[in-house]
**Student:** 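For reference, the structure I am asking about is given below.
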Amino acid sequence: MHPSFLPYLQCPKTGSPLTLHADQVDPLGRVVEGYLMTQDGLRYPIHRRVPRFVDQEFYSGSFGYEWLRWPRVQFDSENENGPLAGHTTQMWERITLGEHRDLVGQTLIEFGCGPGRFLDVLRRKGGRAVGIDMSVAVEAAAQNFAHDAEVLIVQGDICNPPFATGAFDGGFTIGVLHHTPAPATGLRQLVRVVKSGGWIGCAVYRKGGFYDLPSVHRYRAFHLRVRRFAGNRFALIYSHVSASLLYPLHVILHRLRLGWLAEFLYRNCFVIVEHPDKTWRALDTFDAITPEIATVHTTEEVESWLVKAGCRDIQVSRWNATALVANKP
């Protein structure tokens, strides 16, 4: 971490300021190894440039595995000439209504950053970026931004984040809160760390959407049962089979005017992601069937979280009905 990010951090247990102690510093001035400490002696390690405020992944382990396996697949720089060129930037802009946001000179926070594809969008738009994730996906994120001192990756709990109140110009969380035990708490904490006048974006799984299909529920439940003795092998094999074989069959059935059969199988029998890129299909299939926690929500529910967190000017974004944007008075 670069020392310039120190004012944004605080002890998640006491809320007190932290001091920075460096054992190893890189050529960009970032602390590679060291620790953060409170006046009372509470200490948090910095390891491989990442401040660590949790010492295990808890319920987020599948995401650590996922993002270490596919660390850059969803970055726009990896898709410039493919069928999903620009998809990540377009997704961020539609969810946050950020096409015309001026991020230059601003510091933004992402709750649940994974390997950092949306942090990359912030950097290309001129903003400084802070990402927090509980899983070991922080290792992939730290590597992805190994040469960028304007990015801070933090390993911590988004329901109890180590950030000062009102520290950031804006913040967002995309596809993450529904994987926590307390989505409303996570969103309330996101609002807390954004300054007055800042903006908040939030996207969660929609009730009745793809992640709420009977097929997805069944495969997720099966994976969680077999994970105890097979690890992620079943989910990984199935994800590649679905991406390589089931998706083409799904397309063929539609072309043969058997759409009714394709949709029945899609809803009830097989998890099939409809991305045009095979690697993205495998990644997103794995993402759908492996989480330990995966709740679904309504527009009204997400809106109520934002209202209770003190937000105003709440509106549904252009992504889907459970992607909302608001301002902090």
**Student:** With rounding to the nearest 0.5 Å, note down the distance linking NE2 in H240 to OG1 in T279.
**Tutor:**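 The OG1 atom of T279 is 8.0 Å from NE2 of H240, to the nearest 0.5 Å.
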**Student:** Strictly distance-based, threshold 3.5 Å: is any side-chain N or O of R281 a donor or acceptor partner for the main-chain N or O of S242?
**Tutor:**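 No; judged by distance alone, with no hydrogens or angles, the pair does not exist.
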**Student:** How about E57: does its CD atom have over 12 heavy atoms from other parts shown lying under 6.0 Å from it?
**Tutor:** yes
**Student:** Is there side-chain contact between F111 and V193, with heavy atoms separated by less than 4.5 Å?
**Tutor:** yes
**Student:** Once the angle between the rings of F5 and Y8 is folded into 0 to 90°, is it parallel (under 30°), tilted (30 to 60°) or perpendicular (over 60°)?
**Tutor:**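 Ring orientation of F5 relative to Y8: tilted.
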**Student:** Compare every heavy atom of V130 with every heavy atom of F168, then report the nearest pair and how far apart it is.
**Tutor:** CE2-CG2, 3.7 Å
**Student:** Please check this pair: side chain of N232 against backbone of Y65, looking for a donor-acceptor N/O pair closer than 3.5 Å.
**Tutor:**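 Absent.
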**Student:** With side-chain contact (heavy atoms from CB on, under 4.5 Å) as the criterion, how do I293 and H178 come out once you've worked through the C-alpha distance, each side chain's angles and the decisive distance to 0.1 Å?
**Tutor:** CA-CA 7 Å; I293 301 172; H178 46 250; over 6 Å; no
**Student:** More than 12 non-hydrogen atoms from neighbouring residues, nucleotides or ligands closer than 6.0 Å to CZ on F264, yes or no?
**Tutor:** no
**Student:** Would a distance-only check, ignoring hydrogens and angles, find a side-chain to backbone donor-acceptor pair under 3.5 Å from T165 to R192?
**Tutor:** no
**Student:** With clusters defined by side-chain heavy atoms of hydrophobic residues (ILVMFWY) lying less than 4.5 Å apart, directly or transitively, does Y44 cluster with L20?
**Tutor:** yes
**Student:** If two hydrophobic side chains count as joined below 4.5 Å and joins carry through other members, does L245 share a cluster with W280?
**Tutor:** no
**Student:** Are the side chain of T298 and the backbone of E301 linked by a donor-acceptor contact shorter than 3.5 Å?
**Tutor:**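 Judged by distance alone, yes, a pair lies under 3.5 Å.
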**Student:** Does atom CD (Q39) have a neighbourhood of more than 12 heavy atoms from anything else shown, all under 6.0 Å?
**Tutor:**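 Open.
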**Student:** Say whether R227 and S62, considering side chains only, have a donor N or O and an acceptor N or O under 3.5 Å apart.
**Tutor:** no
**Student:** Can you tell whether the side chains of R123 and E150 come within less than 4.0 Å, N to carboxylate O?
**Tutor:**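 Looking at E150 together with R123, the answer is no, because their closest N to O distance does not fall below 4.0 Å.
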**Student:** Find the distance between OH (Y247) and CD1 (I252) and round it off to the nearest 0.5 Å.
**Tutor:** 11.0 Å
**Student:** May I ask you to check whether H47 and Q155 show a side-chain donor-acceptor distance below 3.5 Å?
**Tutor:** no
**Student:** Taking C-beta and beyond as the side chain, do L152 and P51 meet within less than 4.5 Å on heavy atoms?
**Tutor:**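 When only atoms from C-beta onward are counted, P51 and L152 do touch, with a gap below 4.5 Å.
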**Student:** Which atom pair, heavy atoms only, marks the closest approach of D169 to K195?
**Tutor:**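 Nearest heavy atoms, D169 then K195: OD1-NZ, 3.0 Å.
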**Student:** Can you find a pair of side-chain heavy atoms, one from V204 and one from P183, that are under 4.5 Å apart?
**Tutor:** no
**Student:** Sub-3.5 Å donor-acceptor pair from the side chain of N144 to the main-chain atoms of P71, do we have one?
**Tutor:** yes
**Student:** E93 and salt bridge (Lys or Arg N to Asp or Glu O under 4.0 Å): which partner among R124, K125, R318?
**Tutor:**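 Running salt bridge (Lys or Arg N to Asp or Glu O under 4.0 Å) over R124, K125, R318 with E93 returns exactly one hit, K125.
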**Student:** So Y219 and Y238, would you call those rings parallel, tilted or perpendicular, with 30° and 60° as cut-offs?
**Tutor:** tilted
**Student:** Under a 3.5 Å distance rule, please check whether R72 uses its side chain to pair with a backbone N or O of P115 as donor and acceptor.
**Tutor:** no
**Student:** Calculate, to the nearest 0.5 Å, the distance between atoms CG and CG belonging to L18 and L9 respectively.
**Tutor:** 6.5 Å
**Student:** So which atom in Q315 and which in L97 form the shortest heavy-atom distance, rounded to 0.1 Å?
**Tutor:**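 Minimum heavy-atom separation between Q315 and L97: CD-CD1, 3.5 Å.
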**Student:** Looking only at heavy atoms, which two atoms of G127 and L108 are closest? And how far apart?
**Tutor:** CA-CD2, 4.3 Å
**Student:** Going by atom types only, do D133 and S135 share a side-chain donor-acceptor pair under 3.5 Å?
**Tutor:**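 A donor-acceptor contact under 3.5 Å links the two side chains.
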**Student:** I'd like to know if the side chain of D157 reaches the main chain of C159, judged simply by a donor and an acceptor atom lying under 3.5 Å from each other, with no hydrogens or angles considered.
**Tutor:** yes
**Student:** Between L246 and T285, is any pair of side-chain heavy atoms under 4.5 Å apart?
**Tutor:**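 They are not in side-chain contact.
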**Student:** So that I can tick it off, tell me whether E139 and R52 are bridged by a salt bridge, with the cut-off set at under 4.0 angstrom between side-chain N and carboxylate O.
**Tutor:**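 Looking at E139 together with R52, the answer is yes, because their closest N to O distance falls below 4.0 Å.
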**Student:** Are any side-chain N or O atoms of T88 and backbone N or O atoms of F75, one a donor and one an acceptor, separated by less than 3.5 Å?
**Tutor:** no
**Student:** Compare all side-chain heavy atoms of R206 with those of D212 and state whether any distance is below 4.5 angstrom.
**Tutor:**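 Heavy-atom side-chain distance check fails, nothing below 4.5 Å.
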**Student:** Could you state the interatomic distance from CZ (R30) to OG (S4), rounded to the nearest 0.5 Å?
**Tutor:**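 The OG atom of S4 is 11.0 Å from CZ of R30, to the nearest 0.5 Å.
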**Student:** Using modelled atom types and a 3.5 Å cut-off, is there a donor and acceptor pairing between side-chain atoms of E110 and backbone atoms of G171?
**Tutor:** no
**Student:** Drop me the distance from T89's OG1 to R117's CZ, to the nearest 0.5 angstrom.
**Tutor:**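 Those atoms lie 10.0 Å apart.
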**Student:** Which atoms form the tightest heavy-atom contact between A141 and G114, and what is the distance?
**Tutor:**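 Nearest pair, atom of A141 first, then G114: CB-O, 3.4 Å.
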**Student:** Cluster question for you: counting only ILVMFWY and a side-chain heavy-atom cut-off of under 4.5 Å, with indirect links fine, are Y59 and L177 together?
**Tutor:** no
**Student:** Hey, are the side chains of F286 and R69 touching, using non-hydrogen atoms and a 4.5 Å cut-off?
**Tutor:**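 Of all side-chain heavy-atom pairs linking R69 with F286, none is under 4.5 Å.
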**Student:** So, do L122 and W92 sit near enough that their side-chain heavy atoms are less than 4.5 Å apart?
**Tutor:** yes
**Student:** Is a donor from one side chain sitting under 3.5 angstrom from an acceptor on the other, for Y205 and H179?
**Tutor:** yes
**Student:** Which atoms form the tightest heavy-atom contact between A288 and V216, and what is the distance?
**Tutor:**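 Here A288 and V216 meet closest at O-CG1, 3.8 Å.
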**Student:** Indicate if F210 and V251 have the same hydrophobic cluster label, given that clusters are the connected sets of ILVMFWY residues with side-chain heavy-atom separations under 4.5 angstrom.
**Tutor:** yes
**Student:** Show your working on side-chain contact (heavy atoms from CB on, under 4.5 Å) between W319 and I174 and close with a plain yes or no.
**Tutor:** CA-CA 11 Å; W319 185 249; I174 296 174; over 6 Å; no
**Student:** Hey, mind stepping through R49 and V151 against side-chain contact (heavy atoms from CB on, under 4.5 Å) and telling me if it holds?
**Tutor:** CA-CA 10 Å; R49 301 185 182 89; V151 176; over 6 Å; no
**Student:** Going by atom types alone, do N79 and H87 pair a side-chain donor with an acceptor below 3.5 Å?
**Tutor:** no
**Student:** May I ask whether V271 and L253 are part of the same hydrophobic cluster, defined by side-chain heavy atoms of I, L, V, M, F, W, Y residues being less than 4.5 angstrom apart, directly or through others?
**Tutor:**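 Same cluster.
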**Student:** Please assess V73 against W67 for the test side-chain contact (heavy atoms from CB on, under 4.5 Å), listing each intermediate value before the final yes or no.
**Tutor:** CA-CA 9 Å; V73 167; W67 297 125; over 6 Å; no
**Student:** Between R220 and H217, is there a donor-acceptor pair closer than 3.5 Å when you use the side chain of the first and the backbone of the second?
**Tutor:** no
**Student:** Say you draw a straight line from CE of M1 to CD1 of I46; how long is it, rounded to the nearest 0.5 Å?
**Tutor:**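 With rounding to 0.5 Å, CE (M1) is 5.5 Å from CD1 (I46).
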**Student:** Does a side-chain heavy-atom distance below 4.5 Å link Y211 with L213?
**Tutor:** no
